[in-house]
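Data first, discussion second: the structure below is written as structure tokens.
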Amino acid sequence: MADPVALDSVARREAAVRAAVEQGLVGPDAPVLGLLDVAGVRDAVRALREAFATEGGGPVLHTFAVKAASLVPVLALLNEEGVGAEVASPGELELARAAGVPAARIVFDSPAKTVGELRDALAHGIAVNADNAQELARIDALVAEAGEVASPLGIRVNPQVGTGAIGAMSTATATSKFGVALRDEGAEQWLLDAFRTRPWLTRLHTHTGSQGVPLELMAEAVRVVYELAEKINAQAGRQQIDTLDIGGGLPVNFASDEVTPDFAEYAALLRKTVPGLFDGRYALVTEFGRSLLAKQGLIAAHVEYTKTSGGRRIAVTHAGAQVATRTVFVPESWPLRVGAFDPQGRPKTAPELVQDVAGPCCFAGDLVARGRELPELAPGDLVALYDTGAYYFSTHFQYNSLPRPAVVGYVVDEAGAVTFAQVRPAQTVAEVLAESGAGQPAALTGLRPAGARAR
């Protein structure tokens, strides 16, 4: 049986879909819509804070991995809840700034930071984790140029603890592109020397992976980096490393509404595996993304047609690879639950049958669900793709020049009344044209070598 929180979130979700239909936010004229449960976001942040609360321990800064929902209103909501921003590009940094996230709550991680990006971060007191020796050399030059900087500075370490179930999501493998590979020959000594000669380096960072990475592997990576911090501090004879950034990556259960694993489970495992992490000597930074937002969002899409092919029922909808890219191309790793609603936005109660749920993109594999038992779908119905609050709103794939859908946030009062707020308007066809060079249609037809004549 689902717990009360799950029941509350389901009731809010169903009320929001019904209200979105009633208000014309989704339907024949607005065939795709993203919905975000604001109360669910606040509840997730509260659970995170409670899980990592320390009695008499060091401070904890929770940051949000901006790539998981690169939308300014979402970042502003999280900022209001005291959550900072982990950014991996100049664009994400500007989104965080636009959302009002203070520099003291921003962490800049990227394996490919330019000199200009580093200079900007250091000039504004933004924390930076150097990814490699060459980047550290750039930071050396910038620190020398500035005399001193206010930014907390550290190094990202790859503890090389192994691979999870999804290789592309595992960042602590033997050959991962991220960070200094700790177990490579000479790497640990290089790190000890790097900190010994740079007293302004005060942080270590690790991030073991994301979906498909077991908690035990994540905790082991933190243990390895914690032990490295202890060695560095022993070498320095002082608390040189004062902050451990343990990344994020808590996996999400896509099979049901149950939140498992949860933040409390992960924090308890960390306390068992790395007890010194919470004794007050180190400040902590986290960088969770998917686990904060995934279950708070859904994508609703209009069913345009239904058909049968080879005996298989197919519902053709307006949500496919353009909004659910990972699910379409790697369905075994990114399965999504699908909800069926009638044209009034009410859960369908028709008999179930095996169906494919297809998107609008012009290739055969554009399916968000294969052979799924669902109430029989018909034109005018809606499908809901659950657990899509993270990444699915921010990684639009503009296949077939399909526009980005609108995203709205919602709250539901005790009487079931729903209030919406626009997070992002739907992209217009005019905007698609502008992004596709419509302003310079003759750019190539008029381009010829000097002296050549038009035919």
Side-chain angles (χ1 to χ4, degrees), residues 9 11-45 64 66-81 83 85 91-92 94-101 289 292-302 317-319 322-324 339 341 343-345 360 382-398 401-413 415-435:
S9 67
R12 292 195 302 266
R13 180 173 75 201
E14 293 181 354
V17 172
R18 186 168 59 252
V21 171
E22 292 170 352
Q23 297 183 32
L25 299 177
V26 65
D29 298 323
V32 195
L33 178 69
L35 296 110
L36 186 68
D37 182 357
V38 173
V41 175
R42 294 189 192 276
D43 288 344
V45 172
F64 174 71
V66 171
K67 58 185 174 291
S70 48
L71 298 164
V72 170
V74 172
L75 304 182
L77 171 63
L78 292 167
N79 181 52
E80 184 181 73
E81 291 290 324
V83 177
E92 289 185 354
E94 290 309 312
L95 293 176
R97 285 167 163 163
V101 182
L292 278 170
L293 267 290
K295 289 201 169 293
Q296 321 317 326
L298 67 94
I299 294 171
H302 182 68
T317 80
H318 288 270
Q322 88 280 23
V323 292
F341 292 79
Q344 287 72 47
L382 293 173
V383 294
L385 308 184
Y386 297 139
D387 305 330
T388 50
Y391 291 95
Y392 291 82
F393 294 167
S394 61
T395 53
H396 187 82
F397 178 36
Q398 207 162 11
S401 295
L402 289 163
R404 289 185 294 274
V407 177
V408 297
Y410 65 88
V411 293
V412 185
D413 67 17
V418 182
T419 302
F420 292 106
Q422 187 177 83
V423 174
R424 178 185 69 197
Q427 188 180 31
T428 66
V429 173
E431 289 169 334
V432 173
L433 282 168
E435 288 187 1

Please report the closest heavy-atom contact between Leu293 and Ala69, naming both atoms and the distance.
CG-CB, 4.4 Å
When you compare the side chain of Leu292 with that of Val41, does any pair of heavy atoms fall below 4.5 Å?
no
Could you tell me which non-hydrogen atom of Val423 sits nearest to which non-hydrogen atom of Pro73, and how far apart they are?
O-CG, 3.6 Å
Identified salt bridge (Lys or Arg N to Asp or Glu O under 4.0 Å) partner of Asp37 from the options Arg13, Arg12, Lys295:
Arg12
Specify the closest pair of heavy atoms between Val17 and Gly345, including all atoms of both residues, with the distance to one decimal.
CG1-O, 3.9 Å
Mark yes or no for whether Ser394, through its side chain, and Lys67, through its backbone, hold a donor-acceptor pair below 3.5 Å.
yes
Kindly determine whether Val323 and Tyr392 satisfy side-chain contact (heavy atoms from CB on, under 4.5 Å), including the steps that lead there.
CA-CA 6 Å; Val323 292; Tyr392 291 82; 5.7 Å; no
Rounded to the nearest 0.5 Å, how far apart are CG of Leu382 and CD1 of Ile299?
13.0 Å
Ion pair Glu80/Arg42, N-O distance below 4.0 Å:
yes
Nearest heavy-atom approach of Val45 to Leu78 is CG2-CD2, 3.7 Å
Hey, what do you get for CG (Leu25) to OH (Tyr410), rounding to the nearest 0.5 Å?
13.0 Å
So, taking the atom named CD in Gln296 and the one named OG in Ser9, what distance separates them when rounded to the nearest 0.5 Å?
7.5 Å
Could you tell me whether the side chain of Thr317 and the main chain of Ala301 form a donor-acceptor pair under 3.5 Å?
no
Drop me the distance from Leu433's CG to Thr428's OG1, to the nearest 0.5 angstrom.
8.5 Å
Check: Arg424 side chain, Phe393 main-chain N or O, donor-acceptor pair, under 3.5 Å
yes
Atom pair NE2/CG of His302 and Asp29 - distance to nearest 0.5 Å
8.5 Å
Check: His396 side chain, Leu402 main-chain N or O, donor-acceptor pair, under 3.5 Å:
yes
